[in-house]
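For reference, the structure is listed below as structure tokens.
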Amino acid sequence: MNVILGILFHSLGGGASGSWYMPYNWVKKWRWEIYWITGGIFSWLIMPFLAVILTIPDWQGILQATSSSVIRNTYIMGLLWGIGGLTYGLAIRYLGMSLGNSVLLGITSVVGSLGLPVLRNIPGVAEVIPEGLAFSELFGSTGGRIVILGILILLAGIILSGRAGIQKDKDIGNVKEGVNSEFSLSKGLMIAVVSGVLSAFFSFGIDAGKEMSVVARSLAVEQSYPFLTQEGGSFKYLFENNIIFFVILWGGLTTNFIWTTALILRNKTGSDFTDKKTPLLRNYLFCALAGTTWFLQFFFYGMGETKIGNGASSWTLHMATIILTANMWGFYRKEWKGVSKKTYNTILLGIGAILLSVVVIGIAKWLYPELNALG
């Protein structure tokens, strides 16, 4: 039952993540930095604050009692992730939702799944990161080898998606209009690589802040909170990760606030916030919808993590659901209109490979629970 609920929650989170950018397409006459930070206030400040005060017992006490090193490391992971989130918007702008998410989140899946295991094999680094399985240990077990197979399939999917992008660039040539009017493969791919790597730091932030969620869980048990589950003599609290998200997202807010403020000052676009020549109410509502939907991805991710752990399958399942949803929106927006049949089939193969990798890694995690230590 936990596995089924975990898949359900991750699917809801992935659906939210694959859809949250859509409302920005309906914001009119606002510059990018204006609608980005407006939606971001809901994503990284308002919604996390509401979630933590509604679901975490004595959340202020938890933060005060947590060691400064845990808070610092979790916040730093949020800062780095914030750069990934910032460049995400630019990658989608230049590549579109379909290709952009396939490449970007495929890279994030690889880094999020294997980043910590690889670092554990580096002398001097293993001592300062969360304990768990090292990459070299994966080759010594059947489950580990299945995970590696899944990652190889995932890499094949990323390569196929990238190839589809190259073919699309050739197919549409200089005829760029509608949703493809800003399509730029070289610029978009460079940004997507940076964003894909740094976006995985959210997963690392969850590991860095585990001490806070453990305390939240203990308090929830003591105070008989609802949404507690017991398995094998231990408890899990469905919303225990919200306290971690609160700290990580402060880091994300910091990065994005500094960058968008610099853009607003440089471009002198601050008047957009109050310009009555723009549909102000409409714009604020759609930004609020985008920001709220964005937060829901991690709200549901945290719920899924309590059911099946924060190892390779959780992160990859979350990423692949996003890729599937984002590609559905991409096809809906006709981002592949005008391309050849070969190009269209290539992107379908890329998406299919990425989704197959989730099935493979998920099976490994289900059959070999010790792979939880990958995260």
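Only heavy atoms go into these numbers, but all of them, side chains included; no hydrogens, no water, no symmetry mates.
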Taking all heavy atoms of [X] and all of [Y], pick out the closest pair and write down the distance.
X	Y	value
G251	L79	O-CD2, 3.4 Å
G85	S199	N-OG, 4.2 Å
A220	P57	N-CG, 3.8 Å
S43	W294	CB-CE3, 3.4 Å
F201	V197	CD1-O, 3.7 Å
P23	S19	CD-O, 3.6 Å

Quiz item: With a 6.0 Å cut-off on ring centres, are F239 and F245 close enough?
Solution: no

Quiz item: Taking the six-membered ring for Trp, are F202 and W81 ring centroids under 6.0 Å apart?
Solution: yes

Out of curiosity, does [Y] fall in the hydrophobic cluster containing [X] (side-chain heavy atoms, cut-off under 4.5 Å, transitive links)?
X	Y	answer
I159	V360	no
I243	F235	yes
V214	Y225	no
W32	I37	yes
W26	L285	no

About how many Å separate [atom2] of [Y] and [atom1] of [X], when rounded to the nearest 0.5 Å?
X	Y	atom1	atom2	value
Q223	L228	CD	CG	10.5 Å
T325	L12	OG1	CG	10.0 Å
K28	T278	NZ	OG1	12.5 Å
L356	I153	CG	CD1	4.5 Å
I351	S161	CD1	OG	6.5 Å
L160	N345	CG	CG	11.5 Å

Would you indicate whether the side-chain heavy atoms of [Y] and [X] approach each other to under 4.5 Å?
X	Y	answer
L63	M212	yes
L50	I46	yes
V27	W36	no
Q167	V339	no
N283	Y35	no
L289	W20	no
I62	I56	yes
T254	Y75	yes

Do [X] side-chain atoms and [Y] backbone N/O form a donor-acceptor pair below 3.5 Å?
X	Y	value
S357	I151	no
N73	G209	no
T261	I258	no
N121	S136	yes
N25	M22	yes
S195	I191	no

Quiz item: Could you go step by step and tell me if F42 and F295 meet the side-chain contact (heavy atoms from CB on, under 4.5 Å) rule?
Solution: CA-CA 8 Å; F42 283 87; F295 175 74; over 6 Å; no

Exercise. Take the angle between the ring planes of F331 and Y344 and call it parallel below 30°, perpendicular above 60°, tilted in between.
Key: tilted

Exercise. Only counting residues at least two apart or in another chain, list the ones meeting side-chain contact (heavy atoms from CB on, under 4.5 Å) with Y284.
Key: W30, T38, F273, L280

Quiz item: Under the salt bridge (charged side-chain N to carboxylate O under 4.0 Å, His left out) rule, what pairs show up with a residue in residues 273-298, not counting sequence neighbours?
Solution: none

Self-check item: Criterion side-chain contact (heavy atoms from CB on, under 4.5 Å) on Y237 and V221, from CA distance to verdict
Solution: CA-CA 8 Å; Y237 175 47; V221 172; over 6 Å; no

Self-check item: Worked check of side-chain contact (heavy atoms from CB on, under 4.5 Å) between N241 and K210
Solution: CA-CA 8 Å; N241 289 303; K210 270 299 172 187; 3.3 Å; yes

Quiz item: Can you tell which of I264, T269, T260, L263 makes a side-chain contact (heavy atoms from CB on, under 4.5 Å) with R31?
Solution: T269

Practice problem: Could you walk me through whether T87 and L198 pass side-chain contact (heavy atoms from CB on, under 4.5 Å), step by step? | Solution: CA-CA 9 Å; T87 48; L198 292 178; 5.8 Å; no

